[in-house]
Structure formats: structure tokens, C-alpha cells
Visitor: 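Attaching a single structure in C-alpha cells format; questions to follow.
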Number of protein chains: 2
Amino acid sequence: MERQNTDIRQEQIKQAVLDIIYTDGLKNLSTRNLANRIGMSEGAIFRHFPTKQDIILSIIKDVQTDFIGQLRKIANSHMEPEVRLEKFVCETVNYLTKNKGITMLLFSEASHNNDVSMKSSLQQIFNNQKKLVSKIFLDGIAAGTWDESVPVESLAMLYMGIPVSLNIELILSGGEFHADNFCNRMMQLLLKILNK
Amino acid sequence: MERQNTDIRQEQIKQAVLDIIYTDGLKNLSTRNLANRIGMSEGAIFRHFPTKQDIILSIIKDVQTDFIGQLRKIANSHMEPEVRLEKFVCETVNYLTKNKGITMLLFSEASHNNDVSMKSSLQQIFNNQKKLVSKIFLDGIAAGTWDESVPVESLAMLYMGIPVSLNIELILSGGEFHADNFCNRMMQLLLKILNK
DNA sequence: TATCTTTGCAAGTAATTACTTACTTATATA
DNA sequence: TATATAAGTAAGTAATTACTTGCAAAGATA
């Protein structure tokens with residue numbers, strides 16, 4: 001195989017991990033399958049990552065910086081709460097549709113790993129999402145546009161189910177799925193809860 | 001180990017599978033761990049199930065008959081839609097809290113299995129839940145108690161996220177979690193969407 | 001009581017796993 | 001141009017996997 005530097009190969013490897021998880025499931029995520037999917041030897045993978053676990057950790061770090069970073073930007077912006085909420089939901093749907101293996105990776109593999117740094121990263125990802133969406137809810141309530149009797153904590157918890165129900169649809173529908181539609185439909189339901 | 005007949009052993013094995021998935025994760029669900037957890041030899045397991053896959057299939061069959069069966073009973077009963085919905089949600093929360101490994105098993109292991117009968121069982125479980133909860137929504141709308149402009153299909157999709165967000169809470173909270181509370185709080189949010 | 005089936009175990013099996021080793025070759029730098 | 005380093009491979013490794021085998025003994029049935 002043609003030579004490439006580590007930066008490019010690391011990206012390829014991480015992309016292949018998510019790809020395999022989505023198409024073949026976590027239990028088929030072996031270093032052999034990984035090498036075959038990219039078209040390189042098994043040994044070459046270990047030129048770019050010390051262990052398989054480190055690949056997973058690197059992906060989770062990406063989620064923290066790219067995905068959560070973007071959500072934080074949206075939640076803390078000075079747009080109207082309703083606009084922020086829409087961007088927040090659609091960004092989530094968009095990211096998870098583009099990186100289809102992420103949900104399953106976070107939910108099942110990482111959630112029961114003995115690795116301490118993995119587990120705390122996971123908790124941070126979930127808690128950050130909840131905190132940021134709650135901030136938008138609270139801002140809208142403080143601004144007087146949304147109902148102050150809304151149980152913000154519970155609604156944030158209900159919200160957290162959206163990415164997963166998206167994933168279930170993605171898997172069962174077999175790919176033919178329209179993200180825009182899904183995003184707007186979830187917004188409509190959230191607004192019915194939030195409006196006075 | 002003391003001799004027991006196959007019926008008892010099968011139940012023990014299935015219970016141990018769910019137990020391992022919840023406490024140690026799917027990737028630690030080996031026949032060796034399974035045997036150790038029960039206190040029997042690895043070989044003995046294969047006296048009661050032909051393959052490991054068959055254990056999983058049997059658990060999924062249980063979910064179909066026990067859990068979905070109970071939900072069907074509730075959805076088709078002649079109680080008020082609001083009462084049915086509450087029983088439906090609470091039964092779900094109750095079942096998944098008692099069988100803590102189920103959600104992860106359904107969602108991650110089974111969802112990407114090449115086994116055809118496994119995959120179709122899975123689809124049935126998800127579709128049945130959606131259909132049954134939709135029926136309750138539609139009955140309430142037909143009876144005039146709920147808003148006819150509610151997008152039933154979307155709400156059913158949002159509903160499907162509830163079991164999983166319950167599971168995330170269970171894992172991250174480390175066991176100290178009150179099902180009653182969760183169930184009632186989700187009901188409150190669903191009713192805000194459904195009411196006129 | 002005699003026999004047959006069921007349930008158990010210890011010690012295998014071949015296949016797969018993550019990862020290593022020894023060696024080659026391309027590329028950047030001195 | 002010479003040399004060091006980075007990136008590649010084929011062929012290993014020990015450990016683990018799901019499952020089997022051969023044999024013992026408990027329990028049911030005749």
C-alpha cells in the first residue's frame with residue numbers, strides 16, 4: 001500500500017471503526033476487519049495507534065471537541081432560544097447521521113469499560129449535552145417565551161432519548177432516512193411542551 | 001454442582017446473561033464468564049442450550065411474550081386512554097429496571113447480527129411498541145380528550161427514546177435510581193404534548 | 001433391581017483475538 | 001548524496017473464544 005503520514009492514516013482508521021460498527025456491529029470490530037476495510041496490513045494499524053483501545057479513546061475525544069464543542073457554541077450564542085434549540089437539535093441529528101457508529105459506540109462499548117478515563121469521558125459527553133440543552137430551556141423560560149412550569153430536568157432527559165431513537169430508525173430503516181424531517185418533527189414536539 | 005433440570009438451568013443462564021451485560025458489558029459475555037457467574041462448568045451450559053446464540057434468541061423470545069404481551073394487554077384494554085398510557089409507560093420502566101441488560105442487548109448486540117430470525121424478532125419488538133403506544137394516542141384523540149393535531153407517528157418515535165434514556169441514567173447513576181419518579185415525570189411531558 | 005436418560009465435569013479442540021517481531025522501502029533532512 | 005526516521009509487510013505470538021469429547025453419576029422408569 002502507498003505510504004501516507006500518520007495524520008491521514010489515523011483519520012482513515014477512526015472512520016473505518018465507525019463504519020464497521022454501523023454496518024457490521026461492534027462484535028465485528030476486530031483489528032483484522034479494520035485492516036481489511038482500509039486495505040492495509042494489521043501490523044500497519046499499530047504504527048498509528050498503540051492499542052485498539054486508543055483508537056476508541058481518540059474517537060471519543062473527537063466527539064468531545066467537534067460535536068460537544070459545536071453544541072456549546074450554539075447553546076451559548078445570543079440568538080433567540082427557539083432558534084438555538086432548533087440549531088441544537090438539527091446539529092445533533094446531522095452529526096449522528098454523518099457519524100453513524102457513534103451512538104452505538106458511546107452507548108454500549110464505552111459505557112461498560114473498566115478504563116477510568118473512558119468512563120469519565122462518556123459521562124462528560126452525556127452530562128454536557130444535558131446541561132447545554134437545559135441552558136437553552138432555562139434561557140427561554142427566563143425570557144418569558146416559554147412556560148416556567150416546565151420540568152427542565154425531565155425534559156432534558158426526554159431529549160437525550162432523541163439521538164437514540166434516531167439511531168434505531170437509521171438501523172431499522174436501512175439507510176433511507178431524511179434527517180431534516182426528523183429534526184423538524186422533534187422540534188415541533190419539544191415546542192409543544194415548552195410553549196405556554 | 002447439584003443437579004437441576006433444564007427448565008431451571010435455562011432460566012438461571014438467561015438471568016446470568018442479562019446480569020453480565022448490565023454489570024460488565026456485552027464484550028465480557030463469554031461462555032467462560034457465564035459459567036463462572038452461575039458456578040457451573042462451561043460444558044454444562046451446552047447441555048441446556050445448543051449455542052450461545054440460542055441463549056440470546058431465547059431471551060428475545062421472552063421479551064416478545066412477557067413484555068410485549070403485557071403492553072398489548074394494556075393498550076387493548078378498555079380503560080381511559082390516559083390510564084392506559086400511564087400503565088404502559090410504567091410497565092416499560094418497570095420491566096427494563098428489573099431486566100437491566102435487555103435494552104443494551106436489543107440495541108447493540110442483536111441489532112447487527114447476521115442471523116435473520118434474530119433481526120426480524122428485533123424489528124417486531126420495536127415496531128410492536130410503536131404500534132401499541134400509537135394506538136393509545138389515536139384512541140385518546142378519537143375520544144376527543146387529546147389534540148387531534150398531534151403528530152402521532154413522531155410522538156411514538158420520541159416515546160421510543162424513553163427506555164434508552166432510562167438505561168443511560170441507570171448506568172451513569174450507578175443503580176440509585178427511582179423508577180416511579182421517572183415514569184410519572186415522563187407521563188407529565190407526554191400529556192403536555194397530547195392535551196389540547 | 002436393572003437400565004436408560006439426563007445432567008454434570010475436566011480436558012480437550014480449532015478458530016480468532018490483539019499485538020509483536022524482523023525486515024523492507026519510501027521520504028525528509030543533514 | 002548519505003543517513004535517519006517513518007510507514008509498510010508477512011509471519012509470527014500467547015491468550016481467549018465458542019464449542020466438543022469421554023466419562024461419571026444422579027434420577028426416572030421398566
Side-chain angles (χ1 to χ4, degrees), chain A residues 1-21 23-60 101 105 108-110 112-115 117-118, chain B residues 1-21 23-60 101 105 108-110 112-115 117-118:
Chain A
M1 192 184 211
E2 219 180 311
R3 257 177 92 109
Q4 292 289 340
N5 66 33
T6 266
D7 300 322
I8 291 171
R9 288 288 185 231
Q10 282 182 342
E11 280 311 310
Q12 282 183 354
I13 292 166
K14 288 192 277 186
Q15 201 47 59
V17 163
L18 294 180
D19 199 41
I20 288 173
I21 291 175
T23 59
D24 304 328
L26 259 168
K27 69 175 187 305
N28 291 308
L29 182 66
S30 61
T31 48
R32 183 192 285 184
N33 282 346
L34 199 48
N36 287 343
R37 171 109 19 164
I38 304 168
M40 61 173 22
S41 71
E42 234 182 305
I45 288 173
F46 292 93
R47 289 270 172 235
H48 306 294
F49 285 103
T51 68
K52 187 185 160 191
Q53 174 89 334
D54 281 290
I55 308 175
I56 311 280
L57 276 167
S58 177
I59 292 173
I60 288 176
L105 180 73
S108 43
E109 159 118 3
H112 277 301
N113 210 294
N114 294 332
D115 187 308
S117 77
M118 173 93 88
Chain B
M1 194 184 209
E2 218 179 311
R3 259 176 88 108
Q4 292 289 339
N5 67 32
T6 266
D7 300 321
I8 291 172
R9 288 288 185 231
Q10 282 182 342
E11 281 310 309
Q12 282 183 354
I13 291 166
K14 288 192 276 186
Q15 202 47 58
V17 164
L18 294 180
D19 199 40
I20 288 173
I21 291 175
T23 60
D24 304 329
L26 260 169
K27 69 176 188 304
N28 291 309
L29 182 66
S30 61
T31 48
R32 183 193 284 185
N33 281 347
L34 198 48
N36 287 343
R37 171 109 19 163
I38 304 167
M40 61 172 24
S41 71
E42 234 182 304
I45 288 174
F46 293 92
R47 288 270 173 235
H48 307 293
F49 286 102
T51 67
K52 186 185 161 191
Q53 174 88 333
D54 281 289
I55 307 176
I56 311 281
L57 276 168
S58 177
I59 292 174
I60 288 175
L105 181 72
S108 43
E109 159 117 7
H112 277 301
N113 210 294
N114 295 331
D115 187 307
S117 77
M118 173 93 88

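Values reported hereafter were calculated over all heavy atoms of this structure, with side chains retained and with hydrogens, waters and symmetry mates removed. Naming: A, B, ... by sequence-line order, numbering from 1 per chain.
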Visitor: Passes side chain to side chain contact (heavy atoms under 4.5 Å, CB included), A/Lys14 versus A/Ser58? Steps please.
Guide: CA-CA 8 Å; A/Lys14 288 192 277 186; A/Ser58 177; 3.0 Å; yes

Visitor: Which is it for A/Thr23 and A/Arg37 under the side-chain hydrogen bond (donor to acceptor under 3.5 Å, both in side chains) test, yes or no, and what are the steps along the way?
Guide: CA-CA 12 Å; A/Thr23 59; A/Arg37 171 109 19 164; 3.3 Å; yes

Visitor: With a 3.5 Å distance limit and no angle check, can you tell me whether B/Lys27 reaches the backbone of A/Leu26 through a side-chain donor-acceptor pair?
Guide: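 Such a contact is absent between B/Lys27 side chain and A/Leu26 backbone.
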
Visitor: Between B/Asn33 and B/Asn28, what is the shortest heavy-atom contact and its length?
Guide: ND2-O, 2.7 Å

Visitor: Under the salt bridge (charged side-chain N to carboxylate O under 4.0 Å, His left out) test, which residues partner A/Arg9, sequence neighbours left out?
Guide: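 Counting only residues at least two positions away or on another chain, A/Arg9 forms no salt bridge (charged side-chain N to carboxylate O under 4.0 Å, His left out).
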
Visitor: In sequence, state the C-alpha distance, the side-chain angles, and the governing distance for B/Leu34 and B/Ile55, and then conclude on side chain to side chain contact (heavy atoms under 4.5 Å, CB included).
Guide: CA-CA 11 Å; B/Leu34 198 48; B/Ile55 307 176; 4.0 Å; yes

Visitor: I need a per-nucleotide contact map over nucleotides 4-11 of chain D, read 5' to 3'. Cutoff is protein heavy atoms under 4.0 Å; write B for the base, S for backbone only, - otherwise.
Guide: --BBBB--

Visitor: Search all heavy atoms of A/Ile21 against all heavy atoms of A/Gly101 and return the closest pair with its distance.
Guide: CG2-O, 3.8 Å

Visitor: Considering only heavy atoms of chain B and a distance under 4.0 Å, specify the first and last nucleotide of DNA chain C in 5' to 3' order that meet this criterion.
Guide: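 Reading along DNA chain C, I get C/dT6 to C/dC9.
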
